[in-house]
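These notes are about the structure you will find just below.
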There are 2 protein chains.
Amino acid sequence: MSVTNTPITSQVSAPVTTGPCGEDDCGIRDVLDRLGDRWTVLVIVELSKGTRRFRELHRAIPGISQRMLTLTTKRLCRDGLVERNAYPTIPPQVDYRLTEMGRSLADTVFGLADWSRDHKNAIAAARDRWDADHPGAEPALR
Amino acid sequence: MSVTNTPITSQVSAPVTTGPCGEDDCGIRDVLDRLGDRWTVLVIVELSKGTRRFRELHRAIPGISQRMLTLTTKRLCRDGLVERNAYPTIPPQVDYRLTEMGRSLADTVFGLADWSRDHKNAIAAARDRWDADHPGAEPALR
DNA sequence: CGGTATCCGATAGGATACTG
DNA sequence: CAGTATCCTATCGGATACCG
């Protein structure tokens with residue numbers, strides 16, 4: 001999804017009556033840019049269970065590549081949501097844990113997870129209904 | 001933030017056999033796949049203010065292309081989060097509104113928006129700190 | 001007005017190989 | 001073990017142009 005900074009098009013002289021989250025942008029885009037990718041939430045959820053080493057995260061999150069795990073943890077560190085500790089042992093050992101801020105984010109993510117669980121079936125049903133009513137629809141809708 | 005010298009007493013126990021949200025997947029991936037893109041949340045936020053016509057959404061969300069607005073609303077309809085009503089007038093008129101389920105999702109999205117607003121500055125500060133400590137870092141971290 | 005259809009560039013992310 | 005460094009492709013999404 002890669003929602004980088006809002007394109008230059010946000011240069012709207014006329015103060016659009018109501019921004020969606022537009023000009024008053026609560027910063028939610030920054031958060032969603034992070035949460036929106038394929039892996040970040042999974043890493044946060046796993047780390048919410050406790051400190052984890054790189055390898056542990058890797059095994060706990062089926063399907064993630066080493067490259068993406070590295071990128072994801074790094075971005076989380078950069079945002080101050082995760083703390084990284086490296087011990088110069090041999091072999092090297094590195095572990096990750098949520099910061100205070102990371103834990104508070106995890107809490108609201110759980111809110112989303114709860115909603116997801118509660119509406120999982122309803123969404124699936126809605127999709128089936130829609131797919132039945134719209135045979136041969138674009139695959140872009142998945 | 002770097003290498004604190006806390007002994008490695010971190011017991012690798014972590015037996016937690018369950019995936020991060022892996023196989024027992026609470027369905028949160030489905031939700032985040034939807035929320036994760038560039039526009040969905042903005043559309044939901046705008047629709048949380050009331051019924052909107054296609055053109056109104058388009059103008060309320062600066063930067064979105066017609067194509068993406070079409071795709072986004074369609075996906076939301078498919079998931080049962082938004083209801084679409086078309087009136088066969090000339091010129092055509094179509095409006096969109098959140099369904100009951102859509103409104104409940106909007107509520108939890110607002111929770112995320114609140115968190116974002118509350119931590120916006122802290123995140124920006126963390127990033128600045130990290131960027132200062134890691135000059136010449138990959139642009140992939142943005 | 002409210003869309004489709006088409007083309008196209010950017011990039012997210014997988015696979016693989018190598019390193020301290 | 002915990003990463004880097006490359007390569008490569010699938011997809012996301014912008015820019016047109018056209019349509020009922």
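Below, chain A is the first sequence line, B the second, and so on; all start at residue 1. This one's a predicted model, so the numbers in the text were calculated from it and none came from an experiment.
- The shortest heavy-atom contact between Leu141(A) and Arg75(B) is CD2-CG, 3.7 Å.
- Taking every heavy atom of residues 65-75 of chain A and every atom of DNA chain D, pairs under 4.0 Å involve Gln66(A), Arg67(A), Thr70(A), Lys74(A), by number.
- Listed nucleotides dG14(C), dA2(D), dG14(D) differ in distance to Trp39(A); the shortest reach to its side chain belongs to dG14(C).
- Between Leu35(A) and Val41(A), the shortest heavy-atom contact is O-CG2, 3.7 Å.
- Rounded to whole angstrom, the span from the CZ atom of Arg38(A) across to the P atom of dA10(D) amounts to 15 Å.
- Shortest non-hydrogen contact noted between Arg53(A) and Pro92(A) is NH2-O, 3.8 Å.
- Between Arg84(A) and the phosphate of dG3(D), there is a side-chain N or O to OP1/OP2 separation shorter than 4.0 Å.
- Atom CD of Glu56(B) is separated from atom C1' of dC1(C) by 12 Å (rounded to the nearest Å).
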Practice task
I would like to know whether Asp33(A) and Arg29(A) meet salt bridge (Lys or Arg N to Asp or Glu O under 4.0 Å); could you show each step before the answer?
Solution key: CA-CA 6 Å; Asp33(A) 282 351; Arg29(A) 289 252 40 95; 3.4 Å; yes
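- Distance, Arg53(B) CZ to dG3(C) P: 10 Å, rounded to whole Å.
- Annotation for Leu98(A) and Ile44(A): closest pair CD1-O, 4.0 Å, computed over non-hydrogen atoms.
- The residue Tyr96(A) sits close only to the backbone: its heavy atoms come under 4.0 Å of sugar-phosphate atoms, none of a base.
- Rounded to whole angstrom, the span from the NE2 atom of His58(B) across to the P atom of dG3(C) amounts to 12 Å.
- What separates CD1 of Ile61(A) from P of dA2(D) is a distance of 14 Å, to the nearest Å.
- When all heavy atoms are compared, the tightest approach of Glu138(B) to Leu71(A) is OE1-CD2, 4.3 Å.
- Counting to the nearest Å, the C1' atom of dC12(D) and the CD1 atom of Ile64(B) are 13 Å from each other.
- When the P atom of dT11(D) is taken as reference, atom CG of Asp37(A) falls 17 Å away, rounded to whole Å.
- Salt bridge annotation for Arg127(A)-Asp79(B): present, with a cationic side-chain nitrogen under 4.0 angstrom from a carboxylate oxygen.
- Both Pro92(B) and Arg55(A) sit near DNA chain D, but only Arg55(A) has its closest nucleotide nearer the 5' end.
- dG3(D) atom P lies 13 Å from atom CG of Leu141(B), rounded to whole Å.
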